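Data block below; observations after.
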Amino acid sequence: MDSSNSPLFFPLFCLLGFLVGHSLAQLNPSFYAKTCPNLPNIVNAVVAKALQTDARAGAKLIRLHFHDCFVDGCDASVLLENAPGIDSELDAPGNQGIQGLNIVDDIKSAVEKACPRTVSCADILAIASKESVVLAGGPSWVVPLGRRDSRTANKEGATNNLASPFEDLNALKAKFGAFGLNSTDLVALSGAHTFGRSRCAFFSQRFDTPDPTLDPAYREQLKRICSSGSETRANFDPTTPDTFDKNYYTNLQGLRGLLESDQVLFSTSGADTVGIVNRFAKKQGEFFKSFGQSMIKMGNITPLTGNKGEIRLNCRRVNPRRPRSTDEGRDFM
């Protein structure tokens, strides 16, 4: 059921809206202006280097940011591996096979070298997502900063909160709406599928009983690709697979959305998302503007700030406990 029909949805939406607005007031684009002034350039350089040998690097990074923010807010909990007291979100169904942690490690190493014990892994994910989009020809936006890293993970939250490639529009709206994200945010953020790849396991069910919302010629093309096995990857965008542009939306208009959760944005009769898809397909500038706004909105879902959380020294591990009385401990714990 669409969450907007629930009597609890409106007050919950208002509460989440307040929390997101409050976090915007706490985060600041100039947060590292004095402590790590070259931060965006450092992140950009590492992402650019990764792209030289891995065309999917940018898509991997932005997926990590998405999957982080949809579980207890943008706190880098998605990066934590199994450890005593940590049941990793990476083992949740929606995260199995997720990649890019090695790129995050490289960014963190470069940032630590320039600005020790200063920049959170959560902020690294937010900045790396923007730089990934820019390097692929997409828009830039001002990233509010000042997030801190969680000392816990939430595997159950990752299991329940992450959008599935098999979900219909009502389910997607409910999951986005639970975090104060509306239909425009849903359509704009889904546009991140203008680059990257998906495994055949996530869309081959559309072959067995032919999906009427999948173009027959495109279906045959995908079947040939997937004949190599369920782990084979296909481009999200068959036209400009490594470029961040509006072609994701023109593909939806032509019934060439790779995942069911992509195509439902356009093929659900009477849905408000159809007009948004048409608007973005017509004017790339409209998509770019909305994408940046929605990324800021998503990136500000209940972050840890102030004295909450910590600045992890290793993005995959929480910091060892240190005495709170030392200056060093106060810096990053």
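The residues of the chain are indexed from 1 along the displayed sequence. Computed from a predicted structure; not experimentally measured.
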Salt bridge check: are D105 and R316 linked by an N-O gap of less than 4.0 Å?
yes
Over 12 foreign heavy atoms within 6.0 Å of CD, E156
no
Do any N or O atoms from the side chain of R312 and from the backbone of A76 form a donor-acceptor pair under 3.5 angstrom?
yes
So do the side chains of L79 and L125 get within less than 4.5 Å of each other, counting heavy atoms only?
yes
Heavy-atom check, side chain of F176 versus side chain of S183, under 4.5 Å
no
I'd like to check T118 versus I311 (side-chain heavy atoms, cut-off strictly below 4.5 Å). Are they in contact?
no
Checking the side chain of K175 only, and the main-chain atoms of N161 only, is there a donor and an acceptor separated by less than 3.5 Å?
no
Step-by-step side-chain hydrogen bond (donor to acceptor under 3.5 Å, both in side chains) determination, D72 to S77:
CA-CA 8 Å; D72 295 339; S77 60; 5.6 Å; no
Determine which pairs satisfy ring-ring contact (aromatic ring centres under 6.0 Å, His included) with at least one residue from residues 78-103, sequence neighbours left out, and list them in order.
none
Donor-acceptor contact below 3.5 Å, side chain R219 vs main chain D211
yes
Compare every heavy atom of N319 with every heavy atom of L313, then report the nearest pair and how far apart it is.
N-OD1, 2.9 Å
With the side chain counted from C-beta on, respond yes when L145 and I127 share a heavy-atom pair under 4.5 Å apart, and no when they do not.
yes
Is it true that a side-chain atom of S230 and a backbone atom of A201 form a donor plus acceptor pair closer than 3.5 Å?
no
Between R148 and G306, is there a donor-acceptor pair closer than 3.5 Å when you use the side chain of the first and the backbone of the second?
yes
V111 and I42: which non-hydrogen atoms are nearest, and at how many Å?
CG2-CG2, 3.9 Å
CA sep, side-chain torsions, deciding dist, call: E81, I86, side-chain contact (heavy atoms from CB on, under 4.5 Å):
CA-CA 7 Å; E81 297 179 329; I86 301 292; over 6 Å; no
Backbone N or O of L258 within a donor-acceptor pair of the R206 side chain at under 3.5 Å?
yes
Presence of salt bridge, D75 and R151, under 4.0 angstrom
no
Rounded to the nearest 0.5 Å, what separates atom CG in N82 from atom NZ in K155?
7.5 Å
Residue pair L255 / Y218, side-chain heavy-atom distance below 4.5 Å:
no
Criterion side-chain contact (heavy atoms from CB on, under 4.5 Å) on E89 and I98, from CA distance to verdict:
CA-CA 11 Å; E89 294 172 19; I98 199 168; over 6 Å; no
Test item: L80 and D149 side chains (from C-beta on) under 4.5 Å apart, heavy atoms:
no
Nearest heavy-atom contact between E112 and V119 is OE2-O, 4.4 Å
Using side-chain heavy atoms (C-beta onward) and a distance below 4.5 Å, is F195 in contact with I62?
yes
The residue among S261, S198, P165 that forms side-chain contact (heavy atoms from CB on, under 4.5 Å) with F203 is S198
Tell me whether L135 shares a hydrophobic cluster with I124, the cluster being built from Ile, Leu, Val, Met, Phe, Trp, Tyr side chains joined at under 4.5 Å.
yes
Heavy-atom closest contact (Y248 atom, D237 atom, distance):
N-OD2, 4.3 Å
Under 3.5 Å: donor-acceptor pair, side chain of N300, backbone of I296
yes
Take T305 and Q26, measure what side-chain hydrogen bond (donor to acceptor under 3.5 Å, both in side chains) needs, and give me the verdict at the end.
CA-CA 7 Å; T305 57; Q26 292 176 314; 3.2 Å; yes
I need the L265 CG to I276 CD1 distance, nearest 0.5 Å.
9.0 Å
All heavy atoms of A126 vs all of V143, minimum pair found to be CB-CG1, 3.9 Å
Derivation and outcome, salt bridge (charged side-chain N to carboxylate O under 4.0 Å, His left out), residues D208 and K223
CA-CA 10 Å; D208 301 333; K223 287 176 71 173; over 6 Å; no
Would a distance-only check, ignoring hydrogens and angles, find a side-chain to backbone donor-acceptor pair under 3.5 Å from T194 to D245?
yes
Is the closest basic N to carboxylate O distance between D106 and K49 below 4.0 Å?
no
Under a 3.5 Å distance rule, please check whether N251 uses its side chain to pair with a backbone N or O of G257 as donor and acceptor.
no
Just to verify, what does R56 make a salt bridge (charged side-chain N to carboxylate O under 4.0 Å, His left out) with, not counting sequence neighbours?
none
Check: A171 main-chain N/O paired with D168 side-chain donor or acceptor under 3.5 Å
yes
If every non-hydrogen atom of S132 is compared with every non-hydrogen atom of V47, which pair is closest and at what distance?
OG-CG1, 3.7 Å
For residues 287-294, which side-chain N or O atoms pair as donor and acceptor with protein atoms under 3.5 Å away, sequence neighbours left out?
| unit_1 | atom_1 | unit_2 | atom_2 | d |
| --- | --- | --- | --- | --- |
| S290 | OG | E286 | O | 3.2 |
| S294 | OG | D185 | OD1 | 2.7 |
| S294 | OG | S290 | O | 3.1 |

NZ/NE/NH1/NH2 to OD/OE distance under 4.0 Å, D68 and R147:
no
